[in-house]
Every structure is written in C-alpha cells, then in structure tokens.
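Quick note on labels: first sequence line is chain A, next is B, and so on, each numbered from 1. None of these values were measured; they are calculated from a predicted model.
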2 protein chains.
Amino acid sequence: MTQLCKSCPATPRQAAARKHAIDRRLDHALFKAFADPTRALLIACIAKCGRGCSVGEIAECCSVDVSVVSRHLSMLARAGVLEPRRRGRAMLYQVRYRELSRALRDLADAIDACGPVENDKKEDRCGGGC
Amino acid sequence: MTQLCKSCPATPRQAAARKHAIDRRLDHALFKAFADPTRALLIACIAKCGRGCSVGEIAECCSVDVSVVSRHLSMLARAGVLEPRRRGRAMLYQVRYRELSRALRDLADAIDACGPVENDKKEDRCGGGC
DNA sequence: GTAGTATTTGCATAATGACGCAATTATGCA
DNA sequence: TGCATAATTGCGTCATTATGCAAATACTAC
C-alpha cells in the first residue's frame, strides 16, 4: 500500500499528507467483511435489530447452516464490525455502530482529500501523491 | 437482504425506516471492489494521483501483470469506483471522488440510524427492525 | 496501407473462500 | 455428576476469483 507510481513524482508535502490519510483507511479486512452477500445480510440483520443477537437468532435471518453463520460472525468480530459478548450459553453479537460509521467516514474524508483541487485540474499533471 | 429475524418482531414504522436505509446502502459490489489487496492498492494509487492515470502507469504501482491490472480497472469502473476515459491509445482511469465518498457517508448514516437509541438500551429487547 | 504502442481478451492454473455435516467444546440446570 | 442446549471447529467439496502468458484488438504516426 506504500508503493507509488514511478511516473508520478510528487510534491513531498502533498504526497505525505495524502498518502497518510488514505492508506491507513483502506483496511481491506473491513471491506472483505461487507463483500460477501451472506455477511452483508447478517450485518444488516443485526444492525437493524439494534441489540446483541445470539448466533441462533441471527441464523434465522438466512438460509445457511448455523456453523457457517458462526464462522461469519467470528470473522466479522475479528474485522471490528461486531462486538462479541457471552451471556450464558448464548453468544451475543452486536454491531459496533460508532466505530463502523467512523471508519467509513474517515475513509470518505481521505478520499475527498485526494480529490482534484484547483491546481490539479490540468489533466496532464499529476496532482502529487504518487 | 429483505429477510428478517423471525424472533425479532418489529414496530412496523421503525422496521421500515431502518430497513430502507441500510439495505439500500449495502451494495456488496462496491465493497468487493475494496476487498482485494491489489485493487485497494490500485485505488489508493489512482486516488492519490488526483488525475486520470493510464493503465500502464497504474501497473507500475504494483507487481502484477498489466493484463491483471486492466481487468481490475474495468471491474472497478463497473463497480462505479473509477471513471474510464479514452485519450488516444491510452485508457485513463480516474477515481469518482464525489460518488465514492457519498456512498460511504450514506452507509455510515444508515448504520448510525440503526444505532441504539434510548428505548433500545434494554439488552433483552429488540429495537425493532428485524 | 505498415509499424509501433497501449490495452483488452482467451485460456489454463493456482489460491481463496463459502458451505454442509459431523464431532467437539462451553455453559446451564437438575 | 449427567443431560440438554448453544456455539465452535475439523474436514472435504464446490464455486469463485486472482494471476500470468499469449494472442487479439484499438489507436497513433508515418
């Protein structure tokens, strides 16, 4: 993620500022979490529920085996999307609302920061950052 | 994405409001785009460059074959992440800054909207939405 | 037209990941 | 302790996808 276009020599200051912002936000583990349809369904289900849901409950949202759901959930917890918590025999998973929306907004900010500014409008010039 | 937890009967109004927001934003094609390390690298490279980059230039950012980069780029364009444009022999790809950050912020908003509010704080009660 | 450069596509291979089933672990209750 | 319920893990299978190479296409310049 730190390698840069050899053909885009950059203003060091611009490059540093931009590089820092976006590289740190592009956590592909986070996006892998959302990339699978089943996981997206699970996330949406738990998010809309607004509380910690057990694995069995969550499994009712979709048609796959409970073991598959369990694996998805622990993966989502590792990715920082869900917060796991034990209650008796049940394992409750809850969406980490704040952290999640924060991560998305931070990436959006980083992308905006890379967007073309006045000096970069000339199509043939590199904006600096590569 | 429209299926819901059977064990979480919802207040219809809450359910509708929340469901609408998050289901529409969970475009897994968009997140698939970011889920692969190579693609994430390419996106970061083009984003930081701040202009339309040719396939050959972009390929210098990473160690994979140009043909692979070409495939990734056309996939990213299909996903709405990049904007393709021809200039002579070269194909230029530019990040769709506005649309991209907008999509991320919308999802962040939808997630926040699902977050626990006062009435949902009781852990055993479903917030409504499933 | 031909030659040269940039990009895309076809195809085979390798890696990754999702899934179901069965066995195992973890916890609560009598 | 023994039993029941909930969740996780091991393992094999199948589908998807990332990759490289070679061939084909798109475009420019002469």
- Message: So, using side-chain hydrogen bond (donor to acceptor under 3.5 Å, both in side chains) as the criterion, who are the partners of A/Ser67 when residues are at least two apart?
- Response: A/Asp65
- Within this structure, what is the CG-to-C1' distance between B/Leu73 and C/dT9, rounded to whole angstrom? 15 Å
- Spacing of A/Arg39 atom CZ relative to C/dT16 atom P, expressed in whole Å: 15 Å
- Annotated protein contacts, base or backbone, on nucleotides 9-16 of chain D with a non-hydrogen cut-off under 4.0 Å, one of B, S, - each: BBB-----
- Query: Can a side chain N or O of B/Tyr93 be found less than 4.0 Å away from OP1 or OP2 on C/dA6?
  - Reply: no
- Query: Rounded to whole angstroms, how far apart are CD on A/Glu57 and P on D/dA6?
  - Reply: 11 Å
- Query: D/dT17 C1' sits how many Å from B/His28 NE2, rounded?
  - Reply: 14 Å
- CG (A/Leu30) and CG (A/Leu104) are apart, to the nearest 0.5 Å, by 6.0 Å
- Task: With the side chain counted from C-beta on, respond yes when B/Met75 and B/Arg39 share a heavy-atom pair under 4.5 Å apart, and no when they do not.
- Result: yes
- Message: Nearest whole Å is fine: how far is C/dT5 P from B/Leu92 CG?
- Response: 19 Å
- Note on the structure: Here the distance between atom C1' of D/dA7 and atom CZ of A/Arg85, to the nearest Å, is 16 Å
- Contact check, side chains of B/Cys114 and A/Val95, non-hydrogen atoms, under 4.5 Å: no
- For the pair B/Asp36 and A/Lys32, find out whether any cationic side-chain nitrogen is under 4.0 Å from an anionic carboxylate oxygen. no
- With the side chain counted from C-beta on, respond yes when A/Pro84 and A/Leu73 share a heavy-atom pair under 4.5 Å apart, and no when they do not. no
- Item | d(CE, B/Met75; C1', C/dT8) in whole Å | 17 Å
- Item | A/Leu76 vs A/Tyr93 side-chain heavy atoms within contact, under 4.5 Å | no
- Message: Distance check needed: C/dT7 P versus B/Met91 CE, whole Å only.
- Response: 9 Å
- side chain to side chain donor-acceptor pair (under 3.5 Å) partners of residues 104-113 of chain A, not counting sequence neighbours, each pair once: A/Arg102-A/Asp106, A/Arg105-B/Asp109, A/Arg105-B/Asp112, A/Asp109-B/Arg105, A/Asp112-B/Ser101, A/Asp112-B/Arg105
- Note on the structure: In B/S/- notation (B base, S sugar-phosphate only, - none; protein heavy atoms under 4.0 Å), nucleotides 23-30 of chain C written 5' to 3' is ----BS--
- List the steps and the verdict of disulfide bond (SG atoms under 2.5 Å apart) for B/Cys61 and B/Cys45. CA-CA 7 Å; B/Cys61 288; B/Cys45 178; 2.0 Å; yes
- Item | Presence of salt bridge, A/Arg98 and A/Glu83, under 4.0 angstrom | no
- Item | Residues forming a ring pair (Phe, Tyr, Trp, His ring centres under 6.0 Å) with A/Phe34, sequence neighbours excluded | B/Phe31
- Hey, where does DNA chain C pair up into stems, meaning at least three consecutive Watson-Crick or G-U pairs with distances under 3.5 Å? C:1-30 with D:1-30
- Message: Check the phosphate of C/dC19 against A/His72, side-chain N and O only, distance under 4.0 Å to OP1 or OP2. Yes or no?
- Response: yes
